[in-house]
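These numbers come from the heavy atoms of this one structure, side chains and all, not from hydrogens, waters or symmetry mates.
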Amino acid sequence: MKDISSYLARLNINENIKADNYSLFRFHHAHFYSVPFENFSMNENAASGSFSKIIADNIIFNKRGGICFEFAALLAPFFSYTGFVYRTRLARVLIPLLTPATHQLFIISVAGEEWIFDVGFGARGPRAPLRMVDGYVHEHAFLSSKVSRHPAYGWVVSVRENSRLNADWEDIYAFHDTETFPPDISMAYFYTLHSPESLLNIHKVASLPTENGRISIRDTVFTEVNGLSSCSADITDNEELSQLLSGKFGISIHPQQRQ
C-alpha cells in the first residue's frame with residue numbers, strides 16, 4: 001500500500017515491519033518521537049468529508065501532527081496491513097481532572113501477550129508499549145510508565161517524570177477492556193471537538209517528546225524540559241508562534257492561519 005510505505009518513510013523506518021515485539025516497539029518509538037501531538041487543525045480536519053484521506057495527507061505528506069482520534073485513522077489500517085491483532089479502547093483521562101472516556105488507544109496481541117499501544121496522549125504519554133499486566137513498569141531515564149488495576153477504573157496507566165525531585169507516580173488515564181464500537185468513538189470525538197469542558201476544545205496545544213525531556217506549547221506559552229532543567233516563555237504573537245511550530249515541531253502553519 002502506497003500510504004503505508006509513505007507512512008513508514010515519514011517515520012524514517014526503512015526495515016520491514018513484522019507482527020512481532022521488536023517491530024511493535026520500533027514503530028511506537030518512531031511515531032512517538034517523530035509526529036507531534038497537536039490540535040491546530042483539529043476542527044478543520046473534522047469538517048472534511050474525507051476524514052481518513054485528509055489525515056493521511058496532513059500527517060504523512062504535509063508533516064503535521066494530530067490528536068489520538070486522528071492518529072487512529074492511520075494506525076488501524078497500518079495494524080491490519082502488517083498483521084498485528086488489535087482492538088480499540090477508550091480511556092478516561094485522569095489529569096488534571098476526570099473526563100468521560102474520550103482518549104483512544106489500542107491493545108495489541110503479540111505471541112500471547114497483550115500490549116497497550118498509545119502514541120496519542122502527548123509528550124507525557126507512555127514512551128513504549130506497555131504490557132497489560134498488573135504492576136508492569138517500563139523504566140525510562142526521563143519518563144517511566146506503569147500499568148495497574150483499579151477496582152472501579154479498570155486498567156490504569158501512570159507515569160513518573162524522573163527528573164523531578166521526589167517524583168511519584170501520577171495516574172494519567174484509565175480504561176475498561178470492553179468492546180468499543182464505532183459509534184462510541186464518534187461520540188468521544190464529538191465531545192472532544194465541541195464540549196465546553198473538553199481541554200482540546202478550549203486550548204491550542206502542541207507537544208513532542210525528546211529523549212531526555214519534552215517540548216510543548218499551550219496557548220501562548222512555550223515550555224522546554226531537558227532532564228533536570230525546565231524553562232517557559234510567553235509567545236508574543238502569531239508570527240512567533242508560527243516560527244516555534246516550524247522550528248521546534250516541524251509544523252508549517254502560516255501566521256495568518258492563526259488569526
Side-chain angles (χ1 to χ4, degrees), residues 1-37 52 55-56 59-61 63 65-89 91 103-149 155-162 169 172-173 175 177 180 207-214 250:
M1 291 178 65
K2 179 181 178 182
D3 280 358
I4 297 297
S5 60
S6 299
Y7 186 19
L8 294 176
R10 164 81 165 92
L11 305 182
N12 297 311
I13 295 179
N14 300 315
E15 68 266 30
N16 291 328
I17 295 291
K18 302 177 181 180
D20 57 24
N21 281 350
Y22 171 80
S23 291
L24 188 69
F25 275 71
R26 173 77 177 93
F27 176 68
H28 185 287
H29 185 277
H31 183 113
F32 189 63
Y33 286 91
S34 300
V35 184
F37 178 89
S52 295
I55 297 305
I59 295 177
I60 297 175
F61 302 109
K63 295 189 175 180
I67 64 172
C68 62
F69 299 106
E70 296 169 338
F71 291 159
L74 290 178
L75 293 172
F78 170 82
F79 290 142
S80 296
Y81 181 77
T82 51
F84 282 107
V85 177
Y86 72 91
R87 55 189 188 271
T88 301
R89 294 294 180 260
H103 174 57
Q104 187 173 1
L105 55 89
F106 291 89
I107 299 172
I108 311 295
S109 299
V110 180
E113 297 178 344
E114 296 193 322
W115 298 87
I116 299 169
F117 187 99
D118 181 14
V119 293
F121 191 79
R124 294 199 66 210
R127 300 209 161 196
L130 303 177
R131 181 87 185 276
M132 214 163 92
V133 171
D134 188 20
Y136 178 86
V137 175
H138 174 261
E139 295 287 0
H140 184 275
F142 178 74
L143 190 88
S144 297
S145 306
K146 180 174 69 173
V147 177
S148 57
R149 291 298 302 272
W155 292 97
V156 177
V157 172
S158 310
V159 297
R160 183 183 64 210
E161 197 163 294
N162 296 315
W169 291 104
I172 58 173
Y173 61 77
F175 66 95
D177 188 15
T180 301
S207 68
L208 190 67
T210 61
E211 290 293 348
N212 196 39
R214 54 185 165 83

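Phe106 has its side chain out of reach of Phe71: every pair of non-hydrogen atoms, C-beta onward, lies at least 4.5 Å apart. Contact of the Glu139 side chain with the Arg160 side chain is registered, since non-hydrogen atoms from C-beta on lie closer than 4.5 Å. Side-chain contact check for Lys146 versus Tyr136: every heavy-atom pair is 4.5 Å or farther apart. Two residues are said to be in side-chain contact when any heavy atoms from C-beta on lie closer than 4.5 Å; Trp115 and Ile107 fail this criterion. For the pair Thr210 and Phe142, the minimum side-chain heavy-atom distance is 4.5 Å or more. For the pair Val119/Phe27, no side-chain contact is recorded, criterion being any heavy-atom separation below 4.5 Å from C-beta on.
Considering every non-hydrogen atom in both Leu143 and Gly125, the closest pair reads CD2-O, 3.3 Å. Looking at every heavy atom in both residues, Pro126 comes nearest to Ile172 through CD-CD1, 4.4 Å. The two residues Ala19 and Val110 have their closest heavy-atom pair at O-CG1, 3.9 Å. Of all heavy-atom pairs between Ala128 and Phe25, the closest is CB-CE2, 3.9 Å. When all heavy atoms of Gly65 and Val35 are compared, the closest pair comes out as CA-CG1, 3.9 Å. Considering all non-hydrogen atoms of both residues, Ala123 and Ser207 come closest at N-OG, 3.1 Å.
Note that OH of Tyr7 is 7.0 Å distant from CD1 of Ile59, once rounded to the nearest 0.5 Å. Note that the CE atom of Met132 and the CD1 atom of Ile108 stand 11.0 Å from one another [nearest 0.5 Å]. Atoms CD and CG, from Glu113 and Leu24 in turn, are 10.5 Å apart once rounded to the nearest 0.5 Å. Atom-to-atom distance recorded for Thr180:OG1 and Arg89:CZ is 5.0 Å, nearest 0.5 angstrom. Rounded to the nearest 0.5 angstrom, Asn16 CG and Leu8 CG are separated by 9.0 Å. Of the inter-residue distances, the one linking His31 atom NE2 with Ile13 atom CD1 reads 10.5 Å to the nearest 0.5 angstrom.
With Phe117 as the fixed residue, the ring pair (Phe, Tyr, Trp, His ring centres under 6.0 Å) test singles out one of Tyr86, Phe32, Phe78, Phe79: Phe79.
Within the structure, side chain to side chain donor-acceptor pair (under 3.5 Å) pairs that include any residue of residues 121-135 comprise Tyr33-Arg127, Arg124-Glu170 (at least two apart or interchain).
Looking only at distances, no side-chain donor or acceptor of Ser23 sits under 3.5 Å from a matching main-chain atom of Ile17. Looking only at distances, a side-chain donor or acceptor of Asn162 sits under 3.5 Å from a matching main-chain atom of His140.
Shown here are the side chain to side chain donor-acceptor pair (under 3.5 Å) partners of Arg87, two or more places apart in sequence or in another chain: Glu114, Asp177.
Using cut-offs of 30° and 60° for the angle between ring planes, the Phe121 and Tyr173 rings count as tilted.
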